[in-house]
Amino acid sequence: MAPRFASVDDYIASYPEETRTQLAEVRRTIYDAAPHAREKISYGMATFTVDGKPLIYYAGWKNHVGLYPVPTGDAAFERAIAPYRRAKDTVRFPINRPVPLELISQITALCLERRAAADDSDA
């Protein structure tokens, strides 16, 4: 059974130092791009929510940090993210390399745009 975490802080603290450092960088970058977002643990992962709905999940693994879901973007964005894409809506950033924080900011901005568009269509 997977461990349960009371908070995102507990979740991040459970990882080895190198992974903790990257998770903290990812967390700070997403928060900077979406300061109105809130945090929680959902599906065993750190999650940012907006208006109570998941915006983006991030998780630590043995060899990488993953972000989910990652929407598609324009051609320049897709070229930049290509080395990290592992599935249609998943990216993996290797633990042994610096995390591309600007790319995470772009991913977060795209997630916010998609959320706003979905909310507008629901109105």
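Reckoned from all heavy atoms, side chains included, excluding hydrogens, waters and symmetry mates. Computed from a predicted model, the values in this text were never measured in an experiment.
In this structure, the ring of Tyr68 has its center no less than 6.0 angstrom from the ring center of Tyr57.
Contact check for Leu55 versus Thr49: no side-chain heavy atoms found under the 4.5 Å cut-off. Side chains of Thr21 and Tyr15 form no contact here, defined as non-hydrogen atoms less than 4.5 Å apart. For the pair Val65 and Val99, the minimum side-chain heavy-atom distance is 4.5 Å or more. Looking at Leu67 and Thr90, their side chains never come closer than 4.5 Å, going by heavy atoms from C-beta outward.
Across Leu112 and Ala33, no two heavy atoms sit closer than the pair CD1-O, 3.5 Å. Of all non-hydrogen atoms in Gly60 and Tyr11, the two that sit nearest each other are N-OH, 3.0 Å. Taking every heavy atom of both residues into account, Val8 and Glu39 meet most closely at CG1-OE2, 3.7 Å. Taking every heavy atom of both residues into account, Pro69 and Cys111 meet most closely at O-SG, 3.6 Å. For the pair Leu103 and Ala80, the tightest heavy-atom approach, listed with the atom from each and the gap, is CD2-O, 3.7 Å.
Ring geometry for Phe93 against Tyr84 counts as tilted: the plane angle lies between 30° and 60°, on a 0 to 90° scale. In this structure, Trp61 and His64 have parallel ring planes: the angle between them is below the 30° cut-off, well short of the 60° mark.
Residues Met45 and Val26 do not share a hydrophobic cluster, clusters being chains of Ile/Leu/Val/Met/Phe/Trp/Tyr side chains in contact below 4.5 Å.
Counting only distance, with no hydrogens or angles, the side chain of Asp51 and the backbone of Lys53 share no donor-acceptor pair below 3.5 Å. Using a distance-only test at 3.5 Å, with no hydrogens or angles considered, a donor-acceptor pair links the side chain of Arg114 to the main chain of Thr72. Tyr31 places no side-chain N or O within donor-acceptor distance of the main-chain N or O of Phe48, the cut-off being under 3.5 Å. For the pair Arg115 (side chain) and Pro54 (backbone), a donor-acceptor distance under 3.5 Å is present. A donor-acceptor contact shorter than 3.5 Å is absent between the side chain of Arg85 and the backbone of Glu78.
Distance CD1/Ile95 to OG1/Thr19: 3.5 Å, rounded to 0.5 Å. If you take CD1 on Ile107 and CD1 on Ile30, they are separated by 8.0 Å, rounding to the nearest 0.5 Å. One finds the CG atom of Leu110 at 11.5 Å from the OG atom of Ser105 (value rounded to the nearest 0.5 Å). Distance OG1/Thr29 to CG/Leu101: 4.0 Å, rounded to 0.5 Å.
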* To do: Check step by step if side chain to side chain contact (heavy atoms under 4.5 Å, CB included) holds for Val50 and His36.
  => CA-CA 7 Å; Val50 173; His36 60 292; 4.0 Å; yes
* Asked: Passes side chain to side chain contact (heavy atoms under 4.5 Å, CB included), Thr47 versus Ile41? Steps please.
  -> CA-CA 6 Å; Thr47 308; Ile41 298 295; over 6 Å; no
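Screening residues 8-26 for salt bridge (charged side-chain N to carboxylate O under 4.0 Å, His left out) gives Asp9-Arg27 as the qualifying pairs, with residues at least two apart or on separate chains.
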